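Structure record follows, encoded as structure tokens.
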There are 2 protein chains.
Amino acid sequence: MPPRKSIDAQKVVQTAVALADANGFEAVTLASVAEALGIRIPSLYNHVAGLPGLRYEMRLWGLRLLAEHIRRAAVGKSGDEGVGSVASAYRAFAHAHPGIYAVTLRAPDPDEHDLIAVGQEIIDVLFAILRPYGFDDEDMLHAIRAFRSVLHGFVDLETSGAFKMALDLDESFRRLVEGFIGGLHARQQAAAVTR
Amino acid sequence: MPPRKSIDAQKVVQTAVALADANGFEAVTLASVAEALGIRIPSLYNHVAGLPGLRYEMRLWGLRLLAEHIRRAAVGKSGDEGVGSVASAYRAFAHAHPGIYAVTLRAPDPDEHDLIAVGQEIIDVLFAILRPYGFDDEDMLHAIRAFRSVLHGFVDLETSGAFKMALDLDESFRRLVEGFIGGLHARQQAAAVTR
DNA sequence: ACTATAAACTAATCACATTAGTAACAAGGG
DNA sequence: CCCTTGTTACTAATGTGATTAGTTTATAGT
């Protein structure tokens, strides 16, 4: 019994995502989305729960896409190769969706269950990738925090335009990830000595 | 010839900064600042250039404070010790001003000359701290990008509440910086072999 | 064709930002 | 001591965006 079907929630979110990637997340207003869709502002309320609801859907869509990219990048890989592959996928997502990336990584509120669940999926993949290094639980959690920090720091600075020197960004990222992998090996050595 | 002097630009910015640290940067509106100061909204225009102007002043204030902290932390130190000291100061700034930190690191527009100048001062300090490692220009620039990435990534995720596990954050940060320093040494070795 | 339902609309309200124009006050020169 | 000048705060008016209520309309299923 779906009646007049020209615009649905998906199309609204997709339109908003496109606007965010083109003009920045803050530039997404109900007014701009409505105009892009050729409808009046109040009509959007038939598809999303106002501006807060739309923003939530945008974050969720972004995080799901990121999770999928990371999962894909991690298939059949682990250890050093897996770290590099996941890192590249993470950065590629940010390049493809700069406007969405900035808010995708904002920590979800306790009541945003879907966001929390997808975030946990991503953490689980990182867990799997790092498993071959044989860390105990504590080392593993610190390593995951470090991995997330390295990825987010570079990508956030890069997409926000903070790196202004004329110097190859790919090479900077390659070295950063290389350094992180070196740190994993060093931690492995240290743990072996203690044992 | 200063007339009725109860409120000046500084007090407006300070009030806005306090609101940002308490409730988040987005929560700072001219309405909330005016109410906190006990004046009407239009009166603020005598001190700052509207909301965009206020936001600029807030970012500039934050970046100047960060630069000062980092400069102080770098006095009389270099190499591994300097890296650790600067890293701690950077993180301490973010803890002291979580609402301001998030926007302080946004890359300035080309016409925001003061912001660019202060940002460059910070880069200069990082340069000085890393000088003892003896990198050539290219290695140095990559190293600075990595340093900024590591600091920003951890601090941004931490202050936004993205690290939810019950695991000591200080220890995570200590290990992250330790790993970064290890990477600097590894790069030093690699450069020595090439030479 | 008829009806139920969902989508889109108009109208009204609210909050915030901004601009224009006005009133009041404080300091310095006569 | 008063008056001029410049600054600060104000009220009033306007515009944009978000939201809610209530209405109309198109379409899918009977």
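Chain A is the first sequence line, chain B the second, and so forth, proteins listed ahead of strands; every chain is numbered from 1. Only a predicted model underlies this, so the values are computations on that prediction, with no experimental measurement involved. The analysis underlying the following values was restricted to heavy atoms, covering all of them including side chains, and did not include hydrogens, waters or symmetry mates.
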Any chance you could measure A/Gln189, atom CD, to A/His185, atom NE2, to the nearest 0.5 Å?
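Taking CD in A/Gln189 and NE2 in A/His185, the distance rounds to 8.5 Å.
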
Looking at the side chain of [X], which of [options] is the nearest nucleotide?
X	options	value
A/Leu51	D/dA18, C/dT18, D/dC10	D/dA18
A/His47	C/dA7, D/dT19, C/dT18	C/dA7
A/Ala31	C/dT18, D/dG17, D/dT20	D/dG17
B/Pro42	C/dC9, C/dA20, D/dA9	C/dA20

[X] has an atom [atom1]; how far is it from atom [atom2] of [N], in whole Å?
X	N	atom1	atom2	answer
B/Leu30	C/dT19	CG	P	11 Å
A/Ile39	C/dC9	CD1	P	6 Å
B/Glu26	C/dC16	CD	P	15 Å
B/Tyr45	D/dA12	OH	C1'	15 Å
B/Ile41	D/dA9	CD1	C1'	14 Å
B/Glu35	D/dA9	CD	P	17 Å
A/Lys11	C/dA8	NZ	C1'	15 Å
B/Arg40	D/dA9	CZ	P	13 Å

Please tell me if the side chains of A/Arg106 and B/Asp156 come closer than 4.5 Å, counting only heavy atoms from C-beta onward.
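A/Arg106 vs B/Asp156: side chains touch.
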
Mark yes or no for a side-chain to base donor-acceptor pair under 3.5 Å between A/Asn46 and C/dA6, with no hydrogen or angle criteria applied.
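No, no donor-acceptor pair under 3.5 Å.
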
Could you tell me which non-hydrogen atom of A/Ala143 sits nearest to which non-hydrogen atom of A/Phe135, and how far apart they are?
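Closest approach of A/Ala143 to A/Phe135: CB-CE1, 4.0 Å.
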
Reckon A/Ser43 has a side-chain N or O less than 4.0 Å from the OP1 or OP2 of C/dA7?
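Checking C/dA7 against A/Ser43, no side-chain N or O comes under 4.0 Å of OP1 or OP2.
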
Can you see if the side chain of A/Ser6 gets near the phosphate of C/dA8 - specifically, an N or O under 4.0 Å from OP1 or OP2?
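It does, given that an N or O in the side chain of A/Ser6 lies less than 4.0 Å from OP1 or OP2 of C/dA8.
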
Using a strict 4.0 Å threshold on nitrogen-to-oxygen distance, state whether B/Arg174 and B/Glu171 make a salt bridge.
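Between B/Glu171 and B/Arg174 there is a salt bridge, with a charged N closer than 4.0 Å to a carboxylate O.
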
Quick check with a 6.0 Å cut-off and a 45 degree axis cone: is A/Arg187 positioned over the face of A/Tyr133's six-membered ring?
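The answer is no; the distance or angle limit is not met.
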
